[in-house]
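Notes follow the structure.
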Amino acid sequence: MDADIKSKIIELSITGIKDIWNFEVPSGSIIIQKTRPEFTSDITLVVFPLTKFTKTSPDKTAQQLGEYLKNRIPEIEGFNVIKGFLNISLINSFWISFLHDMYDDTRFGFTPPGSSASVMVEFSSPNTNKPLHLGHIRNNLIGNSLSEILSATGNKVIKANLVNDRGIHICKSMYAWKEWGAGETPESSGIKGDKLVGKYYVEFEKRLIAQTKEKIISIYTQIIKQATPINEIKKEDIKLATFDAIPRTIETDYDYNEIKDAFARALITYNQTGRFPSIEEDKFIIEYFKKYTSLFNDAQEMLRKWEDGDETTIFLWKKMNDWVYKGFETTYRELGISFDKTYYESETYLLGKEIVDEGVRKNVFIRKEDGSVWCDLTDDGLDEKLLQRSDGTSVYMTQDIGTAAERFKEFPGMKKLIYVVGSEQEYHFKVLFLILKKLGYSWAGDCHHLSYGMVDLPEGKMKSREGTVVDADDLIEEMYETSRQTTKELGKLEGIPDKEKESICRMIGMGALKYFILKVDPKKRMVFNPKESIDFEGNTGPFIQYTYARIQSLLRKAGDWRKVTGDLPAGRHGRRQDTGNTLKIQPVEKNVIKLIFDFPGVIRQAADEFNPAVIANYMYELAKEFNHFYQTVPVLPAKGGSLPAGQAGASGGKAEDEERLNFRLRLSDTTGKIIKKGMNLLGINVPEKM
RNA sequence: GGCCGUGUAGCUCAACGGAUAGAGCAUCAGCCUUCUAAGCUGGUGGUUGUGGGUUCGAUUCCCGCCACGGUCACCA
């Protein structure tokens with residue numbers, strides 16, 4: 001296939017410049033791009049950068065280079081020069097034979113994956129104390145789509161999930177359930193497992209806050225008693241007279257100052273209004289004093305028991321995590337997400353300890369007097385990083401070092417380890433990769449943090465405390481419902497069995513959601529407005545799905561029509577050797593072919609940039625361009641039976657009509673196939689009808 | 001405060017350093033006795049946060065400023 005016309009032009013341009021102007025230019029200085037739609041040609045060569053070699057005007061350079069290329073590349077039909085842009089037109093048959101050749105190339109744009117593991121994509125990575133929300137959806141969709149894209153470019157991809165199943169958060173849920181749950185289970189309550197565990201987490205936090213407030217008030221009271229008279233308290237006076245009355249469990253300087261200010265604010269508020277600030281007014285105090293409550297200690301105690309392997313605690317932990325996994329499974333299934341490998345932090349959290357010890361021996365890390373281990377990154381412009389607490393327990397970073405090493409051991413040929421994790425952890429990964437490098441791992445440079453921006457609401461961040469978190473299941477169900485409604489309103493899918501109808505509606509609703517999220521560049525923050533439902537028109541998933549369904553309908557009809565007439569040339573599955581040499585392609589047709597031509601490059605770009613949005617935006621372009629074609633020229637013959645004429649009124653002979661029909665069907669079929677493949681790269685399915 | 005990121009139409013998003021900055025939504029006007037109107041055609045809407053610089057050319061690269069966000073834990 002001669003799809004490499006671009007590199008041919010680049011190569012010959014270089015030799016051309018050498019031949020004509022006797023100058024050897026670096027290949028990077030030849031800039032080729034698509035001709036903008038307002039000009040009638042196919043490929044544009046920007047000559048401005050060349051003029052410093054050719055020492056002539058842009059126009060003249062373009063003119064001469066154009067001649068040179070035209071004389072040597074048979075596919076070039078002609079060219080024109082506008083303001084230093086060399087616009088090159090390719091001959092008709094180039095496009096036709098391109099379409100012809102790639103029609104049978106079922107792998108067009110795809111490279112078959114190798115047999116050995118080459119790339120691991122870690123994504124999703126949920127905590128087990130709460131259900132999934134919109135942020136997780138973005139993470140999952142990006143991770144899944146990226147995996148698809150990387151497989152399409154020849155990688156064997158391992159999709160990995162690292163479940164955070166241990167820690168204080170799940171203990172909070174466990175404690176709350178044990179204390180106030182009265183034996184409630186997903187079965188007894190009908191509540192989805194992850195939701196139920198989340199409910200108890202919220203319950204715990206609620207009570208914790210209440211208890212913290214009590215605690216604070218008792219401290220306040222103490223302060224008030226000591227610091228008389230209250231109405232004379234000024235911010236500057238707080239520190240000695242009042243603050244010292246607080247139990248001196250506060251140790252760090254940083255917090256000490258912060259909390260002093262917070263107390264000052266609280267007391268002044270009390271002084272002025274007769275009450276202490278609520279949590280909304282001064283979150284800091286509450287956050288800080290949580291750890292001095294009995295509830296917090298109880299949860300902490302539970303964590304200790306868990307770490308000691310206490311049987312009843314482990315039993316409860318397993319039970320509640322299992323509820324959560326069942327719940328997650330449902331959500332994953334709806335999202336079409338699966339993993340090749342699931343890691344659990346309860347199994348990995350101790351990894352990395354030996355590596356830390358080794359690092360100390362190799363003087364990569366420092367052990368301080370209190371026993372804590374640090375990595376000094378100040379030479380790299382970063383801070384010191386803790387790797388092991390003074391009590392010998394490890395922190396998150398330690399675990400990440402351990403799991404990374406473990407994974408490269410497990411999959412020796414691995415070329416890349418990609419972490420799909422939110423941008424708030426950029427610093428963490430920067431440090432992690434740097435430490436891995438310092439430890440001397442050869443693969444340290446193969447780790448990559450795919451950092452994505454968070455999903456914001458119009459008012460800003462989602463906040464669980466304010467109840468603005470968009471629940472994943474709720475959102476999915478809403479999408480389905482909107483889809484059902486829209487389908488009904490439009491009178492679509494009538495006469496189709498309910499079961500099939502439902503499955504199509506879901507496909508569309510899910511397509512709308514996925515496309516909405518994936519069309520945005522991962523690294524950018526995006527805004528989701530829960531009050532306005534996601535559109536089904538315009539630049540949306542359903543629009544592209546619709547285009548696909550339309551094409552399938554067209555092809556079905558074409559099959560029928562062929563059966564009736566019986567004498568049409570091979571359409572879908574055959575081929576005509578002479579196709580493409582007499583037919584004059586029209587602009588609406590060529591625009592679609594040109595986009596098809598771009599498909600392999602688009603996949604490559606998406607893979608290089610780790611960016612599914614590249615695919616999404618291309619899909620929209622293609623669907624749009626196809627619809628334009630579809631609406632402008634007829635594909636199938638009119639009901640009377642004669643074949644469709646080319647240009648209105650300019651009907652050619654019968655052979656040409658047949659050729660045109662064949663060509664347009666092939667163009668439609670190819671577009672449909674590419675839409676399907678491309679949408680699958682986004683994890684979106686396309687319906688045969690809608 | 002240090003570091004990182006973002007800023008494009010009323011809103012949501014595009015634009016390998018290239019031509020007059022593009023789409024969709026919203027809004028206005030048209031198109032179903034030819035293949036699915038979840039579609040198509042056209043109108044309205046911009047000093048690309050701001051001020052400099054680099055060059056044939058800057059939304060894109062560099063610097064200053066402004067705004068917003070993230071991050072700087074013996075949290076994960």
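To find a chain, count down the sequence lines: A is the first, B the second, and so on, and within it residues start at 1. Values below: all heavy atoms of this structure, side chains included; hydrogens, waters and symmetry mates excluded. These numbers were taken from a predicted model, which means no experiment stands behind them.
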Please determine whether any donor N or O and acceptor N or O are separated by less than 3.5 Å between the side chain of A/S390 and the base of B/rC74.
yes

Using a distance-only criterion (donor-acceptor N/O pair, under 3.5 Å, no hydrogens), is the base of B/rA76 paired with the side chain of A/N129?
no

Reckon [X] has a side-chain N or O less than 4.0 Å from the OP1 or OP2 of [N]?
X      : N      : answer
A/R36  : B/rG18 : no
A/R525 : B/rU6  : no
A/R389 : B/rA76 : yes
A/K557 : B/rU36 : yes
A/S553 : B/rU36 : yes

For B/rG39, is there a stacking contact with A/Y546, counting only centres under 5.5 Å and planes under 30°?
no

Would you call A/Y620 stacked on B/rA23, i.e. ring centres under 5.5 Å apart with the planes less than 30° off parallel?
no

Identify whether any heavy atom of A/T51 sits under 4.0 Å from a base atom; if not, whether one sits that close to sugar-phosphate; answer base, sugar-phosphate or nothing.
nothing

Parallel, tilted or perpendicular for A/Y349 and A/W306, by the 30°/60° rule?
tilted

Paired to B/rU59 by Watson-Crick or G-U wobble criteria (both distances under 3.5 Å) is none

Figure out the NZ/P separation between A/K514 and B/rC13, and round it to whole Å.
20 Å

Between B/rG24 atom P and A/E532 atom CD, what is the distance in whole Å?
18 Å

Are A/K624 and A/N627 packed together at the side-chain level, in the sense that at least one heavy-atom pair is separated by less than 4.5 angstrom?
no

Please figure out whether A/K519 or A/E537 has its closest RNA chain B nucleotide nearer the 5' end.
A/K519

A/D383 has a side chain; which of B/rC35, B/rC72, B/rC75 sits nearest to it?
B/rC72

Could you give me the CA-CA distance, side-chain angles and deciding distance for A/F543 and A/Y546, then say whether ring pair (Phe, Tyr, Trp, His ring centres under 6.0 Å) is met?
CA-CA 5 Å; A/F543 169 84; A/Y546 175 73; 7.6 Å; no

